[in-house]
Amino acid sequence: MDDYDVIIVGASIAGCTAATAYGRAGLRVALLERHRSPQAHKTLCGHFVLGGTHDVLQRLDFWQPMVTHGAAVTTGLGMWTEQGWIAPQPDSAVPPAISLRRSKLDPLLREIAGATPGVELMQGHRVVDLLQDHAGGVRGVVTENGEAGHTEFRARLVVGADGHHSTVAQLAQVPEDRAPNERFLFWTYYEGATMNGPGDGQVWPLGRDVAICIRVDDGLTQVGVFPAKDRLPEFTAERQAAFDRFVGHLPDGPSLAGARRVSNLIGTTDYPCIRRDPAPRPGLALIGDAATASDPVPAVGCGWAFRSAAWLADATAESLAQGRDLHRALRVYRRAHRFIDAYDTLGRREALARPPGPLQRAVRAAAVSDPYISRRLAVFAMRAAPPSVLLNPKVMIRAAVASRAPKPRGMQRTRPADHDGVPSRGPGRRRTE
Ligand SMILES: Cc1cc2nc3c(=O)[nH]c(=O)nc-3n(C[C@H](O)[C@H](O)[C@H](O)COP(=O)(O)OP(=O)(O)OC[C@H]3O[C@@H](n4cnc5c(N)ncnc54)[C@H](O)[C@@H]3O)c2cc1C
């Protein structure tokens with residue numbers, strides 16, 4: 001007799017989501033987390049959860065508690081282009097995004113999961129080994145819990161929700177597919193910043209570099225830069241000054257003159273993309289970053305963690321409850337995960353930080369004046385439909401034609417750009433002083 005129906009390793013976004021869903025399906029769940037503190041949280045995360053996750057957050061009753069804890073809801077992002085701003089369409093039906101810093105989000109999710117009947121949240125349990133049968137199936141885990149020593153847990157399904165370094169995947173010898181990321185990133189939070197672009201947040205795809213400005217909880221504004229790695233020496237020499245310079249030169253960038261910076265710069269200089277089979281062995285599934293750790297630039301990871309966890313529970317809960325073989329259910333999960341795989345393939349190309357190609361440029365240029373294309377671009381950016389919502393022949397032809405049409409007056413670019421589409425880095429209007 002197994003101790004539990006499911007063992008979930010890692011009580012962060014993916015783990016808490018899966019535990020909540022399984023608990024509500026009436027299953028016995030062990031949710032194991034290496035950190036002892038209920039306040040433990042991931043620090044290296046921009047926590048902007050794309051609108052494509054809205055349905056799952058609503059369905060699991062996470063959305064309202066997040067809002068109650070102060071989350072900022074973003075209904076539309078403006079995107080800067082050389083031809084002008086792509087402003088969000090008020091009637092676009094693009095689902096809203098949400099942002100709650102991880103210092104609040106992670107404890108909240110743990111509280112919800114831990115209070116779900118059937119879920120036993122055990123903190124201070126670091127998984128150090130797997131229990132396996134002769135056929136290579138995973139049957140349980142071994143944890144190390146300080147002075148209490150080692151404990152064995154058995155279940156029909158073990159779920160690795162233990163992040164991009166996934167100990168569970170390593171112990172199960174799951175091959176990993178790595179791809180380089182040619183950008184680095186830093187962000188910080190401001191109190192009293194004013195946005196100057198359209199929408200309730202802005203994105204600047206600037207040739208090879210990217211920048212963002214987003215509202216987060218507590219009325220703060222997050223400003224982030226994602227430069228190509230050839231600018232790393234500039235940031236290594238004087239990080240804060242390089243950051244301020246970058247932000248100060250953003251066309252229609254935020255006004256920071258009267259604002260107060262309330263955190264240090266947070267970020268990393270290298271974050272490769274990692275992908276693993278989400279259902280790699282009998283009795284084993286991977287969710288969240290353990291399955292796919294994507295490029296942080298399009299802000300997909302938290303959404304993938306919520307969604308892959310929900311999809312796994314959808315695919316397997318009934319088979320687990322009825323004691324049926326899990327093979328088919330795990331195949332269903334792997335199929336659902338293809339949604340993420342498709343975007344991750346595109347994301348890996350984007351992570352090479354190459355200048356935008358002609359079609360990408362045409363789509364952005366056309367979206368400035370064509371609501372049909374801008375809506376599809378927004379749905380794509382929010383990961384609210386498969387990539388074909390934008391990447392299909394009809395949209396591409398329409399974009400190519402529209403981008404060649406003469407521009408109406410008033411649609412000129414908002415700031416001179418160099419040959420690469422990158423705004424001039426020379427002296428200009430600065431807002432950080
Ligand atoms: C710089 C940066 C910026 C980002 N910005 C965004 C953004 O704006 N929007 C977005 O959507 N995504 C963003 N992401 C991605 C996002 O942070 C991750 O995709 C997300 O945290 C994945 O959640 P997870 O639950 O799968 O893993 P994690 O949040 O990493 O959680 C893993 C959990 O497993 C636990 N654990 C690990 N090993 C063990 C073990 N052996 N035993 C027991 N427990 C264990 C850990 O303690 C942790 O609680 C960003 C990532 C980076 C690096």
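In each ligand, atom 1 is the first atom listed, and ligand 1 is the first ligand listed.
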Taking heavy atoms and a distance under 4.0 Å, where does [X] meet ligand 1: side chain, backbone, both or neither?
X: His125; result: backbone
X: Ala305; result: side chain
X: Arg102; result: side chain
X: Phe186; result: neither

Can you confirm, on distance only, whether ligand 1 has an N/O atom lying under 3.5 Å from any N/O atom belonging to [X]?
X: Ser12; answer: yes
X: Arg110; answer: no
X: Arg126; answer: no
X: Pro296; answer: no
X: Ala299; answer: yes
X: Ile13; answer: yes

(message) Side chains of Asn392 and Arg376, heavy atoms from C-beta outward: is any pair under 4.5 Å?
(response) yes
Interfacing atoms of ligand 1 (cut-off 4.0 Å, heavy-atom, [X]):
X: Val9; answer: 42 (N), 43 (C)
X: Gly303; answer: 11 (O)
X: Ala161; answer: 32 (C), 33 (C), 34 (O)
X: Trp187; answer: 1 (C), 3 (C)

(message) Using the rule salt bridge (charged side-chain N to carboxylate O under 4.0 Å, His left out), only one of Arg335, Arg307, Arg59 pairs with Asp314; which is it?
(response) Arg59
(request) Using the salt bridge (charged side-chain N to carboxylate O under 4.0 Å, His left out) rule, pick out the option among Arg324, Arg156, Arg28 that qualifies with Asp5. (result) Arg28
(request) Give the single entry among Gln170, His165, Lys42 that approaches atom 17 (O) of ligand 1 most closely by any heavy atom. (result) Lys42
(request) Could you name the option among Asp289, Leu185, Leu44 that has the heavy atom nearest to atom 18 (C) of ligand 1? (result) Asp289
(request) Go through the structure and list residues passing side-chain hydrogen bond (donor to acceptor under 3.5 Å, both in side chains) with Lys229, not counting sequence neighbours. (result) Asp270
